[in-house]
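Single-structure report; data block below.
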2 protein chains.
Amino acid sequence: MSRAATIKDVARRAGVGVATVSRVLSGSGPVSEATRERVLRAARELEYRPSALGRGLKTRRTGSVGLVVGEITDPFCAELAAGVLACARTLGEHVLLEASHGDPGREAEIVDRLVEQRVDGVIATPAAEGDWWRSALRAGIAVVFVDRAPKELPQIPAVLADDAAGVRATVEYLAGLGHRRIGFLGTGDPAAPAEAGGVRETTFRTALAELGLQVEADLVVRARPGRDSALAAAAALLQRRPDMTAVLAAGHLLGEAVVLVARELDLRVPADLSIAMVDDVSWAELCDPPLTALARPARDMGYRACEVLRRDPARRERARPVVLPTELVIRGSCGPPSRTPAVRSARTR
Amino acid sequence: MSRAATIKDVARRAGVGVATVSRVLSGSGPVSEATRERVLRAARELEYRPSALGRGLKTRRTGSVGLVVGEITDPFCAELAAGVLACARTLGEHVLLEASHGDPGREAEIVDRLVEQRVDGVIATPAAEGDWWRSALRAGIAVVFVDRAPKELPQIPAVLADDAAGVRATVEYLAGLGHRRIGFLGTGDPAAPAEAGGVRETTFRTALAELGLQVEADLVVRARPGRDSALAAAAALLQRRPDMTAVLAAGHLLGEAVVLVARELDLRVPADLSIAMVDDVSWAELCDPPLTALARPARDMGYRACEVLRRDPARRERARPVVLPTELVIRGSCGPPSRTPAVRSARTR
DNA sequence: ATGAAAGCGCTAACAG
DNA sequence: CTGTTAGCGCTTTCAT
């Protein structure tokens, strides 16, 4: 087949100059109705599609933004992506999707390639702080972080969920139910010091202390990324402390692990163990009993992040992080602690 | 900040011609070791990133493929996307993600815009048959369908799951358990004739007939896309026929609806009702009891589809659809039909 | 081994 | 109102 028609072909066929064609198609500048018609017809007849490549080279805008997430199969990331897609569409932008799998090296490579593509901006849930972000900025590319934001890069705007408020609310809810020995399952290096825990862990500790409850070291455990580690950590936590009456999982993968382990151990939920988790993914409602979860507005976050990209550089730099509220969705997985811990501990294997 | 460095800047700084810089960076053509060093250093010092725009204009390849799915938040689509991403990475291609939301008009618009972007190829779960696909082909863009393939477009290669074999295996499994009145919950226009059901429904009917079981009209119901319709259809099916002992949901959203409605109706699973569904999404294992599901290799499908794009046009046209096997993952949601339908029907409201 | 020059398809001055 | 022209950044002959 013959090569796709170019603006020149259209111009020739319509008997006009290329500039006129450009004017008609981009709707800029004055054109007489007659020529307009002729051009449009020629374009239609040739099935002409302007090339984004040519235009981009000239205008220095590609009309596409990069989106860097950890795993697109993660429901939170997927929801985030949906938000970005929705906003990008209203802006007429395309979305280049990339998965970092949480690997900083890979993230660096991705950002590098996005710069080559001359994307108009990058939206990312950063895997790590690193010079590649600064280098993207230097290349004149707008960057906005979502969900997390390394404190080393305050010049990069961010859209976050109010995890601190959410975790606090959840802890207060559990304490209000009468729980005194509440466990926490989070992510991170198990060997790292307490201060190294993320916002969720830190807030958990603070909230507990504020309520006058003791933060027991072995009630806070961290899993490394990955299903196996999550299961192992959950098993350790549940078996180590049969007197624990409630647990907060800091993410849906961790929540999944707790549910699975609790079932394996024949614990009744919530009679023997109350379970709550961060991120209200769809299966929370399908569980039996349905899981109480802290909903974070992933879609909105993606939408907002994309909007921030559009702001002019000056306003962007100056901006404080956008912090979106969370909501504790109460279902059946949490209840008052059982009065019969003896029974419970007899059931553990 | 000053504009990003171009190949010219690098050439000037290294004291060579632009052609030499191009040779060094693309690793093509002979270059003396000394100049090579100089060029590399100059490029590094200027933080030079070649522009994909300029290169693409010249080479007529953008290094990106379009991926058109229904909803990125659908676990099946997300898994598919992950496969595409994985393969694209090995090929050094970028992925432009688009969501059609199952709307043909939107799909047409998306394809049009992808053509403008001059993507090297398009991978899609088509919402509908339509001239936009032929027009993409005419524009010289490779297209490959995944998950479904309109029969009106046999010239477009496809990567599919063997739904027919999978549904048949599932029906046989249920029948083998002793079920005689098996329900089917699918998607599509409820008013359309029986022949209009998709492969899954058609296969369901055929398989039943082959087993000598009767296909009762009101045991096959269709829901329109959307959560509410799924719930309504599931409720209708379960309430209308209390004597039904097993149900096959033709998708995870439908499975979700059945699980929710069964719980609402206080049906015990699998004693009162056995449930199986197509698509082994993550929550299937978290349900209580865990759901028996027909696993389809979404990730592989995405990977393979991306591979097919890379094939030369001639081989691509000639190809028969790639059909990947499914696997019935048996969990606890299916069992022999209860001997006490009276009890069961007393429980329905 | 290396440089000069001709575009790739488009937009944006600038002339007319 | 409309045509001509000069690039945008890169690759690729074709000379040298």
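Just so it is clear: chains get the letters A, B, ... in the order the sequence lines come, proteins before strands, and each one is counted from 1.
- Protein chain A contacts DNA chain D over a range whose 5' and 3' limits, counting nucleotides with an atom under 4.0 angstrom from a non-hydrogen atom, are D:dC1 to D:dG9.
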### Summary
Given protein heavy atoms under 4.0 Å, the one-letter contact record of nucleotides 9-16 of chain C, with B base, S sugar-phosphate only and - none, is simply BSBBB---
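- Counting only heavy atoms from C-beta outward, the side chains of B:Ile141 and B:Val115 approach each other to under 4.5 Å.
- Looking only at atom types and distance, the side chain of B:Glu107 has no donor-acceptor partner in the side chain of B:His101 under 3.5 Å away.
- In this structure, B:Asp120 does not pair ionically with B:Arg310, as no charged nitrogen and carboxylate oxygen lie closer than 4.0 Å.
- Looking at every heavy atom in both residues, A:Ala136 comes nearest to A:Val111 through CB-CG1, 3.9 Å.
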### Message
Both atom distances under 3.5 Å, Watson-Crick or G-U wobble: I'd like the secondary structure of DNA chain D as a dot-bracket string, with | for pairs made across strands.
### Response
||||||||||||||||
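- Within 6.0 Å of atom CZ in A:Arg304, 12 or fewer heavy atoms from other residues, nucleotides or ligands are found, so the atom counts as exposed in its surroundings.
- Side-chain N/O atoms of B:Ser32 include one lying less than 4.0 angstrom from OP1 or OP2 on C:dT2.
- Nearest heavy-atom pair across A:Val31 and A:Arg36 is CG1-N, 4.1 Å.
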### Task
Check step by step if salt bridge (Lys or Arg N to Asp or Glu O under 4.0 Å) holds for A:Arg296 and A:Asp147.
CA-CA 10 Å; A:Arg296 304 191 307 147; A:Asp147 189 31; 3.0 Å; yes
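- The side-chain heavy atoms of A:Arg61 and A:Glu93, taken from C-beta on, include a pair separated by under 4.5 Å.
- Atom CZ of B:Arg134 has more than 12 neighbouring heavy atoms from other residues, nucleotides or ligands inside a 6.0 Å radius.
- Remark: A:Arg41 engages A:Glu45 in a salt bridge, criterion side-chain N to carboxylate O under 4.0 Å.
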